[in-house]
Participant: 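A single structure is presented below for examination.
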Amino acid sequence: MNGSNRAGHGSGRMAELYNTRLLRLAASIPCTMRLDAPDATATLHSPLCGSRITVEIALNGDRVAGYGQEVRACLVGQAAASILGSLIVGLTVAEFRRGHALFRTMLRDRTPPPAGLWHPLEALAPVADVPVRHRSALLPFDAVEAALARVAGLDGCNDPPSLFRSSEGCS
């Protein structure tokens, strides 16, 4: 047995995952400047792949008025950060959370990519077939959730529950 399909690591799946479209997204991550006066900052780290993302968010009421991100991640995390960065400014918190939930469901349940605003997540559809990469794809979204928790006065360390570790203010 050659083991080429163990744990979703078959060469065909990986070749489909690491495609030109994701490379283009990773090469053009928007919102990479830090904000002058963010309402909250959160840094999450994925021990599995070593990815780290810091996000800064500024809100005007319940709408995202500003967003900055520093991305030190694998290709999947970079592509997800690129898509999120291109969409998040101007969204309400509820719209962001809906997109986050749709993306999580798309990966976990292998549902079709969402239509409308969140359709760009379709580029990450191949990640659904490689479960060990789901957390990498969700890292930017989970970091925004942690920042939103801080805006709401929560510590952000335990929300959302995951294996990610926050490196700011959490033990």
Side-chain angles (χ1 to χ4, degrees), residues 22 25-109 111 113-114 116-121 123-124 127-128 131-171:
L22 291 191
L25 285 166
S28 60
I29 300 172
C31 301
T32 57
M33 300 297 291
R34 302 298 293 257
L35 300 181
D36 290 333
D39 291 312
T41 300
T43 297
L44 292 184
H45 173 247
S46 173
L48 180 65
C49 66
S51 293
R52 177 182 306 275
I53 183 164
T54 299
V55 299
E56 295 181 331
I57 193 162
L59 298 175
N60 183 1
D62 74 336
R63 193 167 294 278
V64 178
Y67 181 72
Q69 59 185 348
E70 182 178 332
V71 181
R72 303 276 186 254
C74 63
L75 177 67
V76 170
Q78 289 178 36
S82 184
I83 292 168
L84 180 58
S86 72
L87 296 174
I88 194 168
V89 175
L91 295 181
T92 64
V93 171
E95 289 168 333
F96 162 75
R97 288 193 167 134
R98 173 140 173 78
H100 188 189
L102 288 169
F103 186 34
R104 186 178 304 281
T105 300
M106 181 184 100
L107 295 177
R108 182 191 62 226
D109 299 339
T111 61
L117 172 69
W118 292 102
H119 185 71
L121 292 172
L124 292 162
V127 177
V132 297
R133 307 307 297 155
H134 290 189
R135 293 180 193 248
S136 301
L138 290 165
L139 188 64
F141 290 80
D142 289 341
V144 170
E145 286 287 0
L148 290 172
R150 291 201 173 130
V151 170
L154 305 173
D155 68 6
C157 298
N158 297 316
D159 183 27
S162 71
L163 293 179
F164 298 120
R165 292 187 176 88
S166 175
S167 64
E168 291 185 7
C170 302
S171 52

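Atoms considered below: every heavy atom in the structure, side chains included; atoms not considered: hydrogens, waters and symmetry mates.
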Participant: Report yes if the side chains of Ser51 and Gln78 come closer than 4.5 Å at any heavy-atom pair, otherwise no.
Facilitator: no
Participant: Would a distance-only check, ignoring hydrogens and angles, find a side-chain to backbone donor-acceptor pair under 3.5 Å from His45 to Ile53?
Facilitator: no
Participant: Does any N or O in the side chain of Glu56 come within less than 3.5 Å of the main-chain N or O of Leu35, such that one atom is a donor and the other an acceptor?
Facilitator: yes
Participant: Would you give the length of the straight line joining atom CZ of Arg135 to atom CG of Leu44, rounded to the nearest 0.5 angstrom?
Facilitator: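 Interatomic distance, Arg135 CZ to Leu44 CG, rounded to 0.5 Å: 12.0 Å.
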Participant: Kindly indicate whether the side chain of Leu124, heavy atoms from C-beta on, has any atom under 4.5 Å from the side chain of Leu22.
Facilitator: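 When only atoms from C-beta onward are counted, Leu22 and Leu124 do touch, with a gap below 4.5 Å.
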Participant: List the atom of Val55, the atom of Ala143, and the distance in Å for their closest heavy-atom pair.
Facilitator: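 Residues Val55 and Ala143, closest heavy atoms: CG2-O, 3.5 Å.
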Participant: Do you know the tightest heavy-atom contact between Met106 and Pro113?
Facilitator: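 That closest heavy-atom pairing would be SD-CA, 3.6 Å.
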Participant: According to side chain to side chain contact (heavy atoms under 4.5 Å, CB included), who are the partners of Asp109, at least two apart in sequence or on a separate chain?
Facilitator: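 Asp109: side chain to side chain contact (heavy atoms under 4.5 Å, CB included) contacts with Thr105, Thr111.
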Participant: Could you check whether any side-chain N or O of Arg150 sits under 3.5 Å from a backbone N or O of Thr41, counting only pairs where one atom can act as donor and the other as acceptor?
Facilitator: yes
Participant: May I ask you to test the Phe96-Val64 pair for a side-chain heavy-atom distance under 4.5 Å?
Facilitator: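 Counting from C-beta outward, Phe96 and Val64 never come under 4.5 Å.
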Participant: For the residue pair Ala37 and Ala58, what are the closest heavy atoms and their distance?
Facilitator: O-CB, 4.4 Å
Participant: Closest heavy-atom contact between Ser28 and Ser82?
Facilitator: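 For Ser28 versus Ser82, the nearest heavy atoms are O-OG, 3.4 Å.
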Participant: Looking at every heavy atom in both Ala137 and Val127, which two are closest together, and how far apart are they?
Facilitator: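 Taking Ala137 first and Val127 second, the nearest heavy atoms are CB-CG1, 4.1 Å.
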Participant: Evaluate whether atom CZ of Arg72 has more than 12 neighbouring non-hydrogen atoms of other residues, nucleotides or ligands under 6.0 angstrom away.
Facilitator: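 Atom CZ in Arg72 is not packed in, count stays at 12 or less.
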Participant: Determine whether Leu121 and Phe141 make a side-chain contact, defined as any pair of heavy atoms from C-beta on separated by less than 4.5 Å.
Facilitator: yes
Participant: Measure the spacing between CD1 of Ile88 and SG of Cys31 and express it to the nearest 0.5 Å.
Facilitator: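 Rounded to the nearest 0.5 Å, the CD1-SG separation comes to 8.5 Å.
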Participant: Which pair of heavy atoms, one from Pro120 and one from Ile83, lies closest together, and at what distance?
Facilitator: O-CD1, 3.3 Å
Participant: Nearest 0.5 angstrom please: Leu138 CG to Glu145 CD, how far?
Facilitator: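 Output value for this atom pair is 10.5 Å.
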Participant: Would you say Ile57 and Leu59 make side-chain contact, with heavy atoms under 4.5 Å?
Facilitator: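 SC-SC contact between Ile57 and Leu59 confirmed.
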Participant: Can you check whether Gly77's main-chain N or O pairs, donor with acceptor, with Ser136's side chain at less than 3.5 Å?
Facilitator: no
Participant: Are the side chains of Arg98 and Leu117 in touch, meaning some heavy atoms are under 4.5 Å apart?
Facilitator: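 Of all side-chain heavy-atom pairs linking Leu117 with Arg98, none is under 4.5 Å.
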Participant: As an exercise, state the distance from CG of Asp39 to CG of Leu148, rounded to the nearest 0.5 Å.
Facilitator: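 It is 10.0 Å, given to the nearest 0.5 Å.
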Participant: Can you list every side chain to side chain donor-acceptor pair (under 3.5 Å) pair that touches residues 62-71, not counting sequence neighbours?
Facilitator: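 Sorted result for residues 62-71: Arg34-Glu70, Tyr67-Gln69.
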Participant: If you measure from NE2 on His100 to CG on Asp142, what distance do you get to the nearest 0.5 Å?
Facilitator: 4.0 Å
